[in-house]
Amino acid sequence: MNCQQARDSLGALVSGDIESPPRDDLEAHLRSCSACRAEFEELESVWQELGRLPAYRVPDELKESLESLSSRAGAGSPNSFPAKARLPRRAMLLQAVAALLLLASGIAIGYRLQPAAEAEKSAGSAAGQMSRYLLLLRATETSELSDSRQEQLVLEYASWYRSLVARGLGLEGERLQKERQLIVRENGGVSLLGPQAFSDGDVAVSGFFLVQAESLAKALEIASTCPHLRVGAIEVRALYPE
Amino acid sequence: MESVRDGDLKCLTPLCRRHAAALYNYFMHLTGNRDTSQDLVQDTLLRLLRYRAGYKGNGPFRVWLFRLARSAANTHFRKSNRELPLDLEELDEPLEDPSEGPVEALHRRQSAGRVRQALGSLSVGHREVLVLRRFQELDYREIAQVCGTTPAAVRVRFHRALKALAKAYRELTERTVT
């Protein structure tokens, strides 16, 4: 493999989209050619930097608009288009009205053609596909980690969470502050949760992720890939359906 | 999605919940603008409703969805006559580390800012191929289906896009240092 051929394949090597035989040749070339290796390292570095960008959080306003739009579309009323929906342009408004009119006719036709029991079954199968699960990150060793290791972990959490978001599975993720971990009990007692509590079962929660998955098994599968497992345990809890 | 296509619109809510974040992130990386991205997510949803009969169910739904999203983005860029938006708003950082020192935090923010600025300086074609591969984790074949081209063309475009990103990032870093 010459330098030109090698350089044309560097992008595919960086993104992992190269088959095994050419990859072996390319890697052999990179070991022997410092100029191509330097170019590869620069591309690899910026690719990693790009991957470290945090995911954007969906604004509540958009969530509300989508919930409203989809629930009203589900009800099939063309007059119930959400007033708060962000549709600033006249063209978009016209599109929305047209789409809802189409929807209304689609529902009518759909229900006429589909037996009720079958309609219910298909609704159940798709609507029930996703449930929400809370992943509680139980810290057991975090206090002993160095600052740089913690920083590295946070980057890994961010990358892991972003991949969940990209797959449509990640809903929320937050880290909790270490200080002022208080427990309130029924008798009015308030206790400070510190490292000494780890031995008596009150393990501190250092953060959480809210994810959606088709089943508890899938949620466990998601949790099993979380970088937190290297420093603690994860409690997986199913939420009641909305 | 099959249920929505067949007229069962109750399934639209879980469908929206599942894909809203992916769509919003896609548009934010393309436009850098929060309001535009929200509009485009809704536009994509309306396209999904309008063209749902065209979903054959024989390929990944995400590919079909991102074809609609790309079409919505293209319409936006054509109408606004703005191919290179650099409307870089404040990042939401859901996993900000409270124990992070001010120097580290500044360094990380500067680095992230440069990457976003470098990404924003690319053409839309270059930006979209990087975003679809990096953040949506579509492979070359799937990106080709989204963009209506061949995997070989995506491979070339991706390589050029990554080189352009590295060059822009290097220049921004050098400018910061000097």
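Values below: every heavy atom of this structure, side chains too, minus hydrogens, waters and symmetry copies. Just so it is clear: chains get the letters A, B, ... in the order the sequence lines come, proteins before strands, and each one is counted from 1.
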Show the nearest heavy-atom pair for residues B:Arg133 and A:Ser15, with the distance to one decimal.
NH2-O, 3.0 Å

Heavy-atom check, side chain of B:Gln38 versus side chain of A:Ser65, under 4.5 Å
no

Choice from A:Leu169, A:Leu171, A:Val165 maximising heavy atom contacts with chain B below 4.5 Å
A:Val165

Contact part of B:Arg62 toward chain A, heavy-atom cut-off under 4.5 Å: side chain, backbone, both or neither?
side chain

B:Tyr169 versus A:Leu50: any side-chain heavy-atom pair under 4.5 Å?
no

side-chain contact (heavy atoms from CB on, under 4.5 Å), paired with B:Val115, selected from A:Arg52, A:Gln48, A:Glu49
A:Glu49

How close do A:Val58 and B:Ala21 get, counting heavy atoms only, and between which atoms?
CG2-CA, 3.4 Å

For the atom pair CZ (B:Arg34) and OH (A:Tyr56), what is the distance rounded to the nearest 0.5 Å?
9.0 Å

Please test B:His29 against A:Leu53 for side chain to side chain contact (heavy atoms under 4.5 Å, CB included), starting from the C-alpha separation and ending with a verdict.
CA-CA 10 Å; B:His29 285 302; A:Leu53 286 182; 4.2 Å; yes

Within residues 139-152 of chain B, which positions have a heavy-atom distance to chain A below 4.5 Å?
B:Asp139, B:Tyr140

Examine whether an atom of A:Glu39 lies under 4.5 Å from a heavy atom of chain B, and if so say whether it belongs to the side chain, the backbone or both; otherwise answer neither.
side chain

Under 4.5 Å, heavy atom to heavy atom, which residues of residues 157-167 of chain B contact chain A?
B:Phe158, B:His159, B:Leu162, B:Lys163, B:Leu165, B:Ala166

In the structure I gave you, are the side-chain heavy atoms of A:Leu62 and B:Gln42 within less than 4.5 Å of one another anywhere?
yes

Rounded to the nearest 0.5 Å, what's the gap from OG on A:Ser163 to CD on B:Glu137? Could you check?
5.5 Å

Which answer fits A:Arg167, side chain, backbone, both or neither, if we ask what part of it has an atom under 4.5 Å from a heavy atom of chain B?
both

Would you please name every residue forming a side-chain contact (heavy atoms from CB on, under 4.5 Å) with A:Arg23, sequence neighbours left out?
A:Leu13, A:Ile18, A:Ser20, A:Glu27

Sequence neighbours excluded, the answer for salt bridge (charged side-chain N to carboxylate O under 4.0 Å, His left out) partners of A:Arg37 is none

